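A quick write-up on the structure given underneath.
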There are 2 protein chains.
Amino acid sequence: MPRPPAPRKTTGRPARISREEIIRTARRIVTEDGADRLTMRRLATEIGSTPMALYHHVRDKEELLLLLLDDHAARSLRRPEPPPADPRDRVLAAATAIHEVLAACPWIVEVLTADDLMSTSALWFVEQIVAGLTESGLSLDEAVRGYRTIWYYTAGEILVHATSARRRSTDDRPTYRDQVFAALDPAELPLLSRAAPRWTPLTAEDTYEQGLRALLTGLLSHTPA
Amino acid sequence: MPRPPAPRKTTGRPARISREEIIRTARRIVTEDGADRLTMRRLATEIGSTPMALYHHVRDKEELLLLLLDDHAARSLRRPEPPPADPRDRVLAAATAIHEVLAACPWIVEVLTADDLMSTSALWFVEQIVAGLTESGLSLDEAVRGYRTIWYYTAGEILVHATSARRRSTDDRPTYRDQVFAALDPAELPLLSRAAPRWTPLTAEDTYEQGLRALLTGLLSHTPA
DNA sequence: GCTACTTTTCTTACATGTATAAAAACTTAC
DNA sequence: GTAAGTTTTTATACATGTAAGAAAAGTAGC
């Protein structure tokens with residue numbers, strides 16, 4: 001039975017590496033060589049430790065990437081100065097800021113699906129979104145639902161784009177989409193056939209904000225279901 | 001130059017396994033034991049072959065999962081009978097049908113981010129969405145953009161929910177969200193603090209259709225950007 | 001000093017996806 | 001028949017995340 005009446009220093013073997021050092025080194029590897037070069041073994045080697053030692057400071061690789069995302073958000077997220085007066089514009093500004101920061105993270109795919117709040121650094125922006133929605137007439141519950149709807153849209157946009165971008169760089173096989181479009185039957189799917197040549201350029205367009213505006217319009221319109 | 005005037009058989013070593021057999025066996029494993037039990041080694045064993053033999057019929061595991069998703073969609077997707085008369089309702093019905101089928105696929109997370117058209121079986125539904133949007137007054141380009149916006153929202157909703165569901169079943173650690181909410185400062189984030197106890201129940205609600213309706217309202221409102 | 005306890009680190013081992021190259025099983029040309 | 005060519009299958013090997021347990025390095029009480 002250990003009975004530590006005098007809470008002196010810390011007992012046990014002293015740590016030689018810290019979570020901060022892990023994150024710092026991981027960030028360096030990612031920025032220098034890309035996210036796919038970040039392995040637990042390499043990270044351990046560069047820190048001068050062993051892979052399993054990392055696991056005492058980080059639950060698993062996914063948590064490490066989450067910490068990396070948080071680190072990135074804390075450095076990059078800038079609150080709009082001055083905040084827009086119109087509540088709708090505040091929602092737009094906050095969501096766009098979050099989207100912008102996330103879109104810059106290549107390793108995001110493995111983490112983003114984690115939860116709906118990805119970073120403490122982003123909480124202020126979430127608050128802005130909920131605030132803008134309530135000031136526009138939504139109840140608190142409705143505003144939270146509205147935020148979550150915006151989050152789904154944002155996460156989906158980022159994930160789909162990030163994955164297809166990664167695929168383009170890793171892979172030279174024709175996309176599934178190309179195969180599908182090549183075999184379209186104009187009789188059965190007339191609009192898709194007509195749209196086929198326009199599809200790829202339309203996909204490349206950055207329409208996040210446009211979609212966000214539409215979504216916001218709908219959220220604030222109070223149409224009866 | 002081989003000139004096969006008599007369309008004999010095919011040249012080369014005859015195949016002992018087929019893509020269909022692979023998919024069939026994979027489907028059985030997934031339905032019987034869950035998607036996480038589907039490994040290339042086990043699949044090969046159950047077919048009576050070797051892991052690498054699979055790779056002649058399937059590019060990699062991701063393609064296998066994509067084929068599995070397609071298979072699932074082909075079996076489950078049912079066209080609404082009769083199709084709703086109102087174009088807006090047709091969009092709703094088609095998107096909801098896709099959402100429903102995808103939400104039933106546990107292995108979807110690894111595949112869904114693949115592209116914006118995940119299954120040939122779903123093309124008819126995509127056509128319905130684009131058609132409903134054009135009939136509501138959008139140009140073809142706008143309708144395709146609108147479809148993609150709907151797709152981002154749908155994919156995001158599915159991915160976020162699927163991942164958090166998986167986490168709950170695999171994991172007993174407190175969620176990141178719980179940790180974040182436990183440390184909220186009501187002075188700085190008043191709305192989030194107030195919403196904190198309501199957050200988890202709100203997350204559990206199925207609000208896909210509600211969000212979709214809002215999005216659709218916005219897409220059809222033609223608000224100037 | 002020594003023993004008990006705690007915390008961190010290290011060693012070893014395994015499951016997994018898949019790259020690579022060799023072998024096998026065919027057809028066709030002679 | 002044999003040789004060449006083609007396609008599928010198999011054997012082997014590697015990189016990766018990480019589980020399990022032993023070892024190390026400290027503190028506290030004696």
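Throughout, a chain's letter reflects where its sequence line sits, starting with A, and its residues are numbered from 1. Model, not experiment: these values are computed from the prediction.
Taking every side-chain heavy atom of A:Arg41 into account, C:dA13 is the closest of C:dT8, C:dG17, C:dA13. Listed nucleotides D:dT10, D:dT9, D:dG17 differ in distance to A:Met40; the shortest reach to its side chain belongs to D:dG17. Side chain of A:Arg13, nearest nucleotide from C:dT18, D:dA24, D:dA19: D:dA24. Listed nucleotides D:dA11, C:dT9, D:dG17 differ in distance to A:Ile17; the shortest reach to its side chain belongs to C:dT9. Comparing D:dT18, C:dG17, C:dT8 by their closest approach to the side chain of A:Asp60 singles out D:dT18. Among D:dA11, C:dT9, C:dC10, the nucleotide with an atom closest to any side-chain atom of B:Met52 is D:dA11. Picking from C:dT27, D:dT10, C:dC10 the nucleotide with the shortest atom distance to the side chain of B:Thr11 gives C:dT27. Taking every side-chain heavy atom of A:His57 into account, C:dT9 is the closest of C:dT9, D:dA20, D:dT10.
A donor-acceptor pair under 3.5 Å is absent between the side-chain atoms of A:Gln128 and the main chain of A:Val91, judged by distance alone. Not a single donor-acceptor pair under 3.5 Å links the side chain of B:Glu209 to the backbone N or O of B:Thr96.
Side-chain rings of A:Trp199 and B:Tyr147 approach one another, their centers coming within less than 6.0 Å. Ring centroids of B:Tyr152 and A:Tyr208 are separated by 6.0 Å or more, keeping the two rings apart.
Following rounding to the nearest Å, B:Ile22 (CD1) and D:dT9 (C1') show an atom-to-atom distance of 12 Å. We find that CG of A:Asp36 is positioned 11 Å from P of D:dG17, with the value rounded to whole Å. Distance B:Trp107 CH2 to C:dT16 P: 19 Å, rounded to the nearest Å. Across the protein-nucleic acid pair, B:Tyr55 atom OH and D:dA11 atom P stand 17 Å apart, rounded to whole Å. Between the CG atom of B:Leu64 and the C1' atom of C:dT16 there is a distance of 14 Å, given to the nearest Å. In this structure, B:Lys61 places its NZ atom 14 Å from C1' of D:dT16, rounding to the nearest Å. Whole-Å rounding puts the B:Leu43 CG to C:dT16 P distance at 12 Å. Protein atom CZ of A:Arg37 is 13 Å distant from nucleotide atom C1' of D:dA15, rounded to whole Å.
Backbone-only engagement by A:Thr39 is indicated by non-hydrogen atom pairs under 4.0 Å involving sugar-phosphate atoms exclusively. When heavy atoms are screened at a 4.0 angstrom cut-off, B:Ala53 is found touching base atoms of the nucleic acid.
Side chains of A:Trp107 and A:Asp36 form no contact here, defined as non-hydrogen atoms less than 4.5 Å apart. At least one side-chain heavy atom of B:Asp206 sits under 4.5 Å from a side-chain heavy atom of B:Glu157.
At C:dC10, one or more side-chain N or O atoms of A:Ser49 fall inside 4.0 Å of OP1 or OP2 (strictly under the cut-off).
Comparing B:Arg16 and B:Pro51 by the nucleotide of DNA chain C that holds the closest heavy atom to each, the one mapping nearer the 5' end is B:Pro51. Checking A:Leu38 against B:His56, the closest nucleotide of DNA chain D that is more toward the 5' end is the one next to B:His56.
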